[in-house]
Amino acid sequence: MTSRLRGPGLTRGFAFFVAGVLFCAALVTGVRALYGFSLWDTSNYQNAVLIASLLGAPLFFLVGLGAFDYWFYWASGRPTRPEDHSGHGAHSWRDYFRVNTDHKVIGIQYVVTSFFFMFVGGLLAMVVRAELAAPGQQFVDTNAYNGLFSVHASLMIFLFIIPVFAGLANYVLPLMIGAPDMAFPRLNALSFWLLPIAGIMMTASFLAPGGSFATGWTAYAPLSTDVPIGQMFFTIGVQFAGASSIATALNFLVTIITMRAPGMSFWRMPLLAWANFSTSLLVVIATPFIAASQFLILLEYALGFNFFNAARSGDVLMYQHVFWFYSHPAVYIMMLPGFGIVSEILSVKARKPIFGYRMMAFSLLAIVLLGFTVWAHHMFVSGMQTWIRIPMMVTTAIIAVPTGIKIFSWLATLWRGVLHLDTPMLFALGFLTMFTLGGISGVMLAMVPLDIYVSDTYFIVAHIHYVLFGGSLFTIYAGVYYWFPKMTGRMFDERLGRLHFWLTFIGFNLTFGPMHLIGVQGMPRRVADYPEQFAGWNLFISLASFALGLSTLVFLYNIVASWRGGPRASANPWRALTLEWQVSSPPPVFNFDRVPTVVGGPYEYGVPGAVHGIFQPPATARPRQPAGAIGASEHEEHT
Amino acid sequence: MALEDREPEDPRSASAGRRELRQMLVIGAIAAAGGIALALLIDWFPTAASRQAGPIDTLWDVLLIVSVPIFVLVETVVLYCVWRFRMRPGEEDEDGPAIHGNTKLEVVWTAVPAVLLVILCAYAYVVLTDIEEAQADRELPVRVVGEQFTWTFYYRGDGGKEIASSQLYLPAKQHVLFTVQSEDVLHDFWVPAFRMKIDAVPGIDTHIRVDTTERLGTFPVVCAELCGLGHSVMRQSAHVVSRQDFDSWMARRQQAAQAGGGGGGAQGGGGGGGEAADGKAIFTSAQPTACSTCHTLADAGATGTAGPNLDEALPGKSEDFIRESIVDPNAKIEEGYSPGVMPVGFGDSLSPEQLDALVEYLAEVSGK
């Protein structure tokens, strides 16, 4: 027992966590005593201890877990072994529950954790739909209802879509660019372990006195600064999720810039690497803004700073500007990695080079740039200066141009290909069709006069789900199926996969399609109750959503059963060219026994004898054409 | 299958391409026309009761007409590719042609959407200036104040004194300038029939203009911005009435205001005489309490659900308890409800007489 407590691991982590809570309680008690506050003013005292513990105790937990061990050793001058690989690889399930520096283990940790929170968030959505099945109050009161949709959105955004992409890329990206691991493996491990902290915090908010945070995932001030303590579980939880995001993004940037295999110029990178490069730029620049917005809320809530208190010359609209300066780019953070995944799958499954490779890469960068110029389109009815609406309308509409380039290029990739219509491909095609709808309703929303009418209605709910479910989640499913053989060394059940696709596709459209209509008819969002006129459609939507909920069980069963006992997967079941498929499934502990040399573009399907990478030293490897060979030959000499 | 029989040659050859494009164009055009017809047939909007509704609804139709073909284009290509180019038995190891790109095509699908979007933006801008155009002549100013969880509408009365109402009354064919304010958190003043909405923001005034048409009727006023527990019940009514009805309504409100006390709500009044009737009027009126927005009380015809149901919560409670619950709502909290929901400060905004009347009324109806 003592050895367990002394060594890094979950046991020591929990012990430190308890110590952290005690430390925070002592700190708060001491400070309150110094200020001469009553220690027995129970509710304020309790809240202060709770807020301090939410901030501090997770850090104690991480120290106990061992996430900082190496750095502490190094800083204190004790011997360290930089090439210590004892924390690398997984030999049993226990290795997934410790600080592990192997990007493949971390990738799986990320994906499994985020899917866990996807199921939690999905269950919350089921309760929301049950409550909305009929007008009036069914199962939960208004406070609980507001909590349900708030936690649902927060988990899906911060604990599922954003981290699951980071997880998939964590696994695949170093393999794809021919790197042995991420640039900073220990930072990578820390990034992952920040995530369950954020997730548990947000989920546990239901246990807080006064209920969970109930102000939506947007947490608009001044509502969020004057509600029960549950709000702080969001405010502080987001800090941990955000820190995790930023650290991972830095890691991806450095990995992509410095660790590409010999011969892999930027123009020979698979589009997934381009997509994560772009996403990481967005994360690094934008995420500090949500951290700031939530710190402002924290200071106002806990210490009365009056940033958003109009009576004390606070500025209510400032919160929204800071919040959306992150949260609009966040939509692209949740979309660009999916663009990368779909580019991989469509090219491989259509057996054709990706159409217009360079424009695909440039359009990603264009979206990054434009993504920072559109935030106030969420604020057309917020009462901000009216002139801001016009430039924001134009930039929002123009961002559809690079997005359109991508969609048309994917269509052209399909044209005259040999389409393998298996599960990953079905989800990729499902994405292509559904995301188009989400994009179109996005352009509609950019038009200020229409947005004045439909903002804050179910039309918005429909739009965001067509983008994040029909868009992001379909690409996530596609990616999970596509790389499942690589990650687990097993094949999934194709028939169950197709069943899952059709249930999801139909259930999704029946659930979210009618929301466009009831939104335009005048049903506001975020309401626990609604007038009789919307009863019919809401019942229909609720029933469809239950079917959609059940479809995830097919997925869960397929994944669990196939992981445990599916047929063994070969190294390259899809006949793909990219590097991750050139090693065994699952890959060796250090990815490549010999460093690969990249000699051509990643999508040269249909080019006779085309090779992307070979396992030879660069000196003997003959240079070949880059991706998008047409018009690219001049570039070759410079790279 | 029949089509394949007629075409023994490779469906992926370049010669097949031209005919395929033609085929697809025909299918796509038919589907787009059908889609547009269907989209325009759907009855999307609620009743329109403002001039602004016209241009906004037309903008929606135009957007549908532009969007449907784009959606159909993508769907047609995907489905056509799935049908024509799916892998058939024997093609397991085959690859498609190595087409890397086509600069002309890429320029077209960058430039055409860009031009289209700029045109749409220009059109939307024209619509925006149209619906927000100031009608300087005889605009009716209405001050709208949102608070958890009710709207109060203030009209300019004689002698500069404002007249408050829990119901929005507007004359037909009138230019109205709403100045929207908030007492506490963000709200959003939305009348779907007018198509316009704007947030009520603490600390600043926001404005929208609405021009009522000749259509008379009662339309919902909705709060569209999450404002707390009572958000979904923060619904009131906008009445568009004839000029004569509006004038006589104003005259009645004016009299009531001069009679003192801010007056009962439009749906209140009536009932028995004496103190209880006054208490009931206070219970249902918008100012200063608007109890009925959040509480259910059968006697007053109130059906709010944000706060405890008073038909169930009050029987057996003393007058002191009732008084305390109004003046200091967080002192005792009904099981299943949270502290901090009911606004504090009714003790100040109610005059002592009003408070007495309200307490007496509640004690009386719950004692029955």
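So that the names make sense, note that chain A is the first sequence line, chain B the second, and so on, each numbered from 1. Not measured: the values here are computed from a predicted model.
The heavy-atom pair separating B/Glu106 from A/Gly356 by the smallest distance is OE2-CA, 3.6 Å. Residues A/Val401 and B/Pro113 approach most closely at CG2-C, 4.4 Å, considering heavy atoms. The two residues B/Pro202 and A/Pro222 have their closest heavy-atom pair at CG-CG, 3.9 Å. Taking every heavy atom of both residues into account, A/Phe355 and B/Asn102 meet most closely at CZ-N, 3.5 Å. The two residues A/Trp415 and B/Met24 come nearest to each other via the heavy atoms CZ3-SD, 3.6 Å. Residue B/Val74 comes nearest to A/Leu432 through the heavy atom pair CG1-O, 4.2 Å, listed as atom of the first residue, atom of the second, then distance.
Both the backbone and the side chain of A/Val418 have a heavy atom closer than 4.5 Å to some heavy atom of chain B. Interface residue A/Ile407: only side-chain heavy atoms are found under 4.5 Å from chain B. Neither the backbone nor the side chain of A/Tyr319 comes within less than 4.5 Å of any heavy atom in chain B. With a 4.5 Å cut-off on non-hydrogen atoms, B/Asp184 touches chain A through its backbone but not through its side chain. Only the side chain of A/Asn146 comes within less than 4.5 Å of a heavy atom of chain B; its backbone N, CA, C and O stay farther away. Using a 4.5 Å cut-off between heavy atoms, B/Val82 touches chain A through backbone and side chain atoms alike. Only the side chain of A/Thr457 comes within less than 4.5 Å of a heavy atom in chain B; its backbone stays farther off. Heavy atoms of A/Ala412 lying under 4.5 Å from chain B belong exclusively to its side chain. For B/Val201, the part lying near chain A is the side chain, with the backbone staying farther off; criterion is any non-hydrogen pair under 4.5 Å. B/Ile208 does not touch chain A: none of its heavy atoms, backbone or side chain, sits under 4.5 Å away. With a threshold of 4.5 angstrom between heavy atoms, B/Leu186 approaches chain A through its backbone and through its side chain. For A/Phe435, no part lies under 4.5 angstrom from a heavy atom of chain B. Within the 4.5 angstrom heavy-atom criterion, atoms from both the backbone and the side chain of B/Ile198 approach chain A. Interface remark: B/Ile42 contributes side-chain atoms only to the contact with chain A (heavy atom separation under 4.5 Å). For chain A, the nearby part of B/Leu59 is the side chain; its heavy atoms alone come within less than 4.5 Å. Proximity to chain B involves both the backbone and the side chain of A/Ile452, based on heavy atoms less than 4.5 angstrom apart. Looking at A/Arg575, only its side chain comes within 4.5 Å of chain B, counting heavy atoms on both sides.
A 4.5 Å side-chain heavy-atom check between B/Cys121 and A/Met447 finds at least one atom pair inside the cut-off. A 4.5 Å side-chain heavy-atom check between B/His207 and A/Thr386 finds every atom pair outside the cut-off. The shortest distance between side-chain heavy atoms of A/Met393 and B/Leu128 does not fall below 4.5 Å. In this structure, B/Arg235 and A/Pro531 have side chains that are in contact, with non-hydrogen atoms separated by less than 4.5 Å.
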As a quick check of understanding, evaluate side chain to side chain contact (heavy atoms under 4.5 Å, CB included) for B/Val185 and A/Asp226, giving each step before the final call. CA-CA 9 Å; B/Val185 298; A/Asp226 188 26; 5.9 Å; no
What do the steps show when you test A/Leu419 against B/Cys81 for side chain to side chain contact (heavy atoms under 4.5 Å, CB included), and what is the final call? CA-CA 8 Å; A/Leu419 271 56; B/Cys81 288; 4.0 Å; yes
Yes or no on side chain to side chain contact (heavy atoms under 4.5 Å, CB included) for A/Glu604 and B/His100, after CA distance, side-chain angles and deciding distance? CA-CA 9 Å; A/Glu604 300 299 303; B/His100 286 88; 2.9 Å; yes
Applying side chain to side chain contact (heavy atoms under 4.5 Å, CB included), run through A/Tyr453 and B/Phe45 and close with a yes or a no. CA-CA 10 Å; A/Tyr453 177 64; B/Phe45 287 94; 3.4 Å; yes
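Among B/Asp93, B/Leu79, B/Ile70, B/Val180, the residue making the largest number of heavy-atom pairs under 4.5 Å with chain A is B/Asp93. In terms of heavy-atom pairs under 4.5 Å with chain B, the best-connected choice from A/Val381, A/Ile390, A/Val527, A/Val227 is A/Val381. For the set A/Leu411, A/Leu414, A/Val454, the count of heavy-atom pairs under 4.5 angstrom toward chain B peaks at A/Leu411. The residue among A/Pro402, A/Ser409, A/Ala221 with the most heavy atom pairs within less than 4.5 Å of chain B is A/Ser409. The residue among A/Phe408, A/Phe308, A/Tyr605 with the most heavy atom pairs within less than 4.5 Å of chain B is A/Phe408. Considering only heavy-atom pairs separated by less than 4.5 Å from chain A, the leading option among B/Val222, B/Asp205, B/Leu117 is B/Leu117. Between chain A and the options B/Ile56, B/Thr206, B/Thr110, heavy-atom pairs under 4.5 Å are most frequent for B/Thr110. Of the listed residues (A/Thr433, A/Thr436, A/Ile440), the greatest number of heavy-atom pairs within a distance under 4.5 Å of chain B belongs to A/Thr433.
Looking at residues two or more places apart in sequence or on another chain, you find a side chain to side chain contact (heavy atoms under 4.5 Å, CB included) between A/Arg525 and A/Asp456, A/Tyr458, A/Ile460, A/Val461. Not a single side-chain hydrogen bond (donor to acceptor under 3.5 Å, both in side chains) links B/His231 to another residue, sequence neighbours left out.
Side chains of B/Glu92 and A/His420: no donor on one and acceptor on the other come within 3.5 Å.
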